[in-house]
Amino acid sequence: MKASLLLAAGILLLTACNNADEHAGHRTDGFSDVAKTPEDSLFKLVMEGHDVGMAKMGKIKEAQKQAQAALDSLNKTSGANKETLQQALMDLQEDLNYAEYGMNTWMEEFNVDSARDNQEVRLTYLKTEQEKVDKVKNAILESLRVADSLFKK
């Protein structure tokens, strides 16, 4: 009896393995890694911009807290460069807040299913969204670059 079960399990395993190539690269979230159409290519670029920006959102929050703490400390001191440093920190806070706001706003407004039935309209929409998300991504990366230069570790 045990031998029959082991044989049946082995056959099932081999059968399942033979179909693995058939589903290679198949994703269950409805999107493929391999672009098959111009819309797929643009959508992938939009999502890459989103992913890069979102991966940095934790650092944005951290830099916002760091800038606020530095401003709070600076307000308790006096010195020759106080005003210059204070302005740099306030500018950084503004840039970090804009980056965070930009990503949140873009995500709320982005419509994954926009014009699915109209290729021309969808391509135009995705091109516009790529420009928007790239602007947000660049704002995130640039504000973090400035934060890194101000808060050298």
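- Residues Leu92 and Ser143 come closest through the heavy atom pair CD1-O, 3.5 Å.
- Atom CG of Asp117 sits in a sparse spot, with 12 or fewer heavy atoms from other residues, nucleotides or ligands closer than 6.0 Å.
- Put simply, CD1 on Ile60 and CD on Gln64 are 6.5 Å apart, with the number rounded to the nearest 0.5 Å.
- The line from NZ of Lys132 to NE2 of His50 is 14.5 Å long, rounded to the nearest 0.5 Å.
- Atoms CD and CD, on Gln130 and Glu48 in that order, are 9.5 Å from each other to the nearest 0.5 Å.
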Open item on the list: Assess the residue pair Gln68 and Gln93 against the criterion (side-chain hydrogen bond (donor to acceptor under 3.5 Å, both in side chains)); give the C-alpha distance rounded to whole Å, side-chain angles, the decisive distance to 0.1 Å, and a yes or no.
Closed with: CA-CA 8 Å; Gln68 187 59 55; Gln93 275 187 319; 2.6 Å; yes

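- Proximity of Ile140 to Met57: side-chain heavy atoms (C-beta onward) are separated by under 4.5 Å at one or more points.
- Checking Glu129 against Asn111 by side-chain atom types alone, no donor-acceptor pair falls below 3.5 Å.
- In this structure, Leu150 and Gln66 have side chains that are not in contact, with every pair of non-hydrogen atoms separated by 4.5 Å or more.
- Ring pair Phe110/Tyr125 is parallel by interplanar angle, where below 30° counts as parallel and above 60° as perpendicular.
- The environment of Lys61 atom NZ is sparse: at most 12 non-hydrogen atoms of other residues, nucleotides or ligands sit within 6.0 angstrom.
- With respect to the salt-bridge test (charged N to carboxylate O, under 4.0 angstrom), the residues Asp113 and Arg116 qualify.
- For the pair Val146/Phe151, no side-chain contact is recorded, criterion being any heavy-atom separation below 4.5 Å from C-beta on.
- One finds a salt bridge joining Glu142 and Arg145 here, because a Lys/Arg side-chain nitrogen approaches an Asp/Glu carboxylate oxygen to under 4.0 Å.
- The closest side-chain heavy-atom distance from Lys65 to Glu62 is not below 4.5 Å.
- Considering NZ of Lys137 and CE of Met103, their distance stands at 9.5 Å, rounded to 0.5 Å.
- At least one side-chain heavy atom of Glu100 sits under 4.5 Å from a side-chain heavy atom of Asn104.
- Taken from CZ in Arg122 to CG in Leu42, the straight-line distance is 9.5 Å, to the nearest 0.5 Å.
- Between Trp106 and Val46 the shortest side-chain heavy-atom distance falls below 4.5 Å.
- Closest of all the heavy-atom pairs between Val121 and Ala115 is CG1-CB, 3.5 Å.
- At most 12 non-hydrogen atoms from other residues, nucleotides or ligands lie less than 6.0 angstrom from CG of Asn81.
- For CD of Glu94, the number of neighbouring non-hydrogen atoms (other residues, nucleotides, ligands) closer than 6.0 Å is 12 at most.
- Annotation: salt bridge (charged side-chain N to carboxylate O under 4.0 Å, His left out) contacts of Glu39 (sequence neighbours excluded): none.
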